[in-house]
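Structure first, then comments.
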Amino acid sequence: MEAARTALSATNPEALSRQKQQKRIGLKPLPNAIKGAVILRFAPNPNGPLTLGHARGVAINSQYAEMYDGKIVLRFDDTDTKVKPPLPKAYSWIEKEFEWLSGKSADIIIRASDRMPVYLDYANQMISSGFGYVCRCSAAEFKKLRDSKTPCTCRNRLIEENLKDWDSMNNGGIEEGGAVVRVKTDLQLPNPALRDWPALRIQHTSHPMVGEQYKVWPLLDFQSAIEDYEQGVTHIIRGKDLMDSTRKQTLLYQHFGWNYPETLYWGRVKVHEFGSFSTSGMRSQIEDGKYSGWDDARLPTISALRRKGFDPAALRDFWIELGLTQKDISISMQTIESFNSSIIDKKCERRSFIRGAKTLHLDSSSFSKEPIMKVSVARHPDGSEIGNREWDMDDGSILIEENDLKNNKIRLKDFADVQISENKAIVESWEKTDKRQIVHWLPSSMAISATLTRNKGDSLVIEEGLIENFELNEGAVIQLERVGFARIEPVQEDGKVNLLFLHG
RNA sequence: GCUCCUGUGGUGUAGUACGGUCCAUCAUACCGGGUUUUCAUCCCGGCGACCCGGGUUCAAAUCCCGGCAGGAGCACCA
């Protein structure tokens, strides 16, 4: 060690006196990014609303857009009508969710299905120029040929013949599965996924947005590549499962003489509590009635998180802290919740919620002749939310949780030390005099019945209780004292208050 | 099978391009303590990691070689 130091002091003395390592804050710089000239895109399939996983794409892309004064394109990749067909309502849901998550709407919004003429035109160019061809082989036949690096018989036909087949693909003359358009690549490429990859295929099913006017639809690798070029996208950030897609698209760009955008990847994310996010899986389970809708509290959708009361800034902070690593990771909702707590705690008012209520009669006779009529407690302990909640004591009957009756000397929070004796709570002191347990409570006259729903794994647990009837505004996120955060759901016909548990 | 990616504490993450700043950053979780009229918040302390093996070097988390482990793609899905 000493020898190393002396060697160092001779050759590289400044190395001995540098600062301690700090953690980099925020996202690392984008490669080759010019401020003001960055164009990013977020391209979901509108087969359902956004999930927690999509939030990563929104958060990171919009953060980079902000860092570089760039633009962000929201593009609906809706070119599949069979496997993951578009859900018409999802388009506007996604636009709104994007806006909610990023705090502003996308700079440009486009639907691939509206851009079909562009894609078909490029496909036509590709065939006319000879770097694309119509392949009539079945998928299975082609796979065999591809694996042995041999061209299929369709590959070397004349351009005129290809154009003729292209026309009949487009006018419905060829059945679904009867032909695809392939991009010519080097068949000796070591990566089998890249050899003469398919760019467009036939779908005769009706598209929910544009109907039956197109018989040929581009696949993701082609549509996305063309559209990125058309929009001038400079940086693509996508999952690393799409690495081969980048390589395929780069080959296509070479044919067209274009430069491929800078591309960055992230790894797969699982959340302990939810597993992975499959929009189509959720969709079928909602249709089967297993979940009440996309905002069912058990689902990892943005709509469910929003309904529970997550703050979009917490979601953003969380994803930006995770950054852009290519590692496959498994994270816990607890981490997201702690981001959320730190944002919402200071602005959530407190309310008392009593489960398993036990009625006691308050006896303050040894302190005052007159019964106590009013109690005033803070909306928030730190005064971040200024003001008080005014409680009307009425006949002096109060409620506490049965669980809190284990001790017979307790402190009613913000009120009095009491001794429990049968059904009486006898006031011993107004001031806090000892270390006895502090419990939350409520005058009976302030109580209104309520339910608290929380998701435990894949089930919903509903607790009945009584909530403090003081400014219960629909949609507000409040902190139930000694319970946790919850959001007030729309009031039902029976007047009952429904609370949806957020987290502790 | 072919192709590609990734391995830093319980979970994430910084540092790796150009080896010394690193007895390795920060957060979260957990444990302990303090403040507080909530089991909330806040504060303090603790805990605990460079996948393995070689090599190069005065010096390796960082470079090289070889293993091992995990993940992804090879769809007429996105």
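Naming convention: chains lettered A, B, ... in sequence-line order (proteins, then strands); numbering from 1 in each chain. Just so we're clear, the structure is a prediction, and the values are computed from it rather than from any experiment.
Side-chain proximity of A:Asp414 to B:A40, B:A78, B:U37: nearest is B:U37. Comparing B:U37, B:A78, B:C74 by their closest approach to the side chain of A:Leu242 singles out B:A78. The side chain of A:Ser338 sits closest to B:A29 out of B:C5, B:A29, B:G12. The nucleotide whose nearest atom lies closest to any side-chain atom of A:Lys84 is, among B:U38, B:A78, B:U13, B:A78. Distances from the side chain of A:Asp404 to the nucleotides B:C39, B:C4, B:A78 place B:C39 closest. For A:Asp328, taking side-chain heavy atoms from C-beta onward, the closest of the listed nucleotides B:U13, B:G70, B:A29 is B:G70. Closest to the side chain of A:Pro198, from the set B:G12, B:U3, B:A75, is B:A75. Of the candidates B:G73, B:A14, B:U38, B:A14 carries the atom nearest the A:Lys23 side chain, counting heavy atoms from C-beta on.
Nucleotides B:C74 and B:C30, compared at atom C1', are 43 Å apart to the nearest Å. One C1' atom belongs to B:A59, the other to B:U13, and the distance between them is 27 Å to the nearest Å. Spacing between B:U62 and B:U8 at atom P, rounded to whole Å, works out to 13 Å. Straight-line distance between the C1' atoms of B:U38 and B:C51: roughly 45 Å, to the nearest whole Å.
Contact annotation: side chain of A:Gln479 to base of B:U38, donor-acceptor pair present below 3.5 Å. With hydrogens and angles ignored, no donor-acceptor pair closer than 3.5 Å exists between the side chain of A:Arg247 and the base of B:U3.
Counting any heavy atom pair closer than 4.0 Å across all strands shown, A:Cys135 reaches no nucleic acid atom. Looking at heavy-atom distances under 4.0 Å, A:Thr279 makes no contact with the nucleic acid at all. Backbone-only engagement by A:Lys143 is indicated by non-hydrogen atom pairs under 4.0 Å involving sugar-phosphate atoms exclusively. If you check every strand for non-hydrogen atoms under 4.0 Å, A:Pro381 touches a base.
Note on A:Ser332: every side-chain N or O is 4.0 Å or more away from OP1 and OP2 of B:G12. Remark: A:Thr325 is in phosphate contact with B:U13, judged by side-chain N or O atoms under 4.0 Å from OP1 or OP2. Residue A:Lys327 places at least one side-chain N or O closer than 4.0 Å to OP1 or OP2 of B:U8. A:Lys149 has no side-chain polar atom (N or O) that falls below the 4.0 Å cut-off from OP1 or OP2 of B:C2. The phosphate of B:G15 has OP1 or OP2 within less than 4.0 Å of a side-chain N or O from A:Arg24. In this structure, A:Arg201 reaches the B:C77 phosphate: one of its side-chain N or O atoms is under 4.0 Å from OP1 or OP2. For the pair A:Arg146 and B:A75, the criterion of a side-chain N or O lying under 4.0 Å from OP1 or OP2 is met.
Within 6.0 Å of the CD atom in A:Glu287, the count of heavy atoms belonging to other residues, nucleotides or ligands exceeds 12. Heavy-atom neighbours of A:Lys89 NZ from other residues, nucleotides or ligands within 6.0 Å: at or below the threshold of 12.
The base-pairing partner of B:C23, taking Watson-Crick or G-U wobble contacts with both distances under 3.5 Å, does not exist among the strands shown. Under the Watson-Crick or G-U wobble criterion, with both distances below 3.5 Å, B:U37 is left unpaired in every strand shown. Figure legend. B:C68 is base-paired to B:G7; pairs are counted as Watson-Crick or G-U wobble with both atom distances under 3.5 Å. A 3.5 Å limit on both hydrogen-bonding distances identifies no Watson-Crick or G-U partner for B:C76.
In this structure, a donor-acceptor pair under 3.5 Å is present between the side chains of A:Asp196 and A:Tyr133. Side-chain atoms of A:Trp217 and A:Gln223 include no donor-acceptor pair closer than 3.5 Å.
Rounded to whole angstrom, the span from the CH2 atom of A:Trp197 across to the C1' atom of B:U3 amounts to 17 Å.
Residues A:Gln249 and A:Ala225 share a closest heavy-atom pair of NE2-N, 3.6 Å.
For the pair A:Arg454 and A:Glu463, the minimum side-chain heavy-atom distance is below 4.5 Å.
The nearest heavy atom of RNA chain B to A:Arg56 and to A:His380 marks one nucleotide each, and the one closer to the 5' end goes with A:Arg56. Looking at which nucleotide of RNA chain B each of A:Asp382 and A:Gln326 is closest to, the 5′-most match is held by A:Gln326.
When each of A:Glu349, A:Glu471, A:Glu481 is checked for a salt bridge (charged side-chain N to carboxylate O under 4.0 Å, His left out) with A:Arg389, only A:Glu481 meets the rule.
In this entry the base of B:A29 is anti relative to its sugar, with a glycosidic angle more than 90° from 0.
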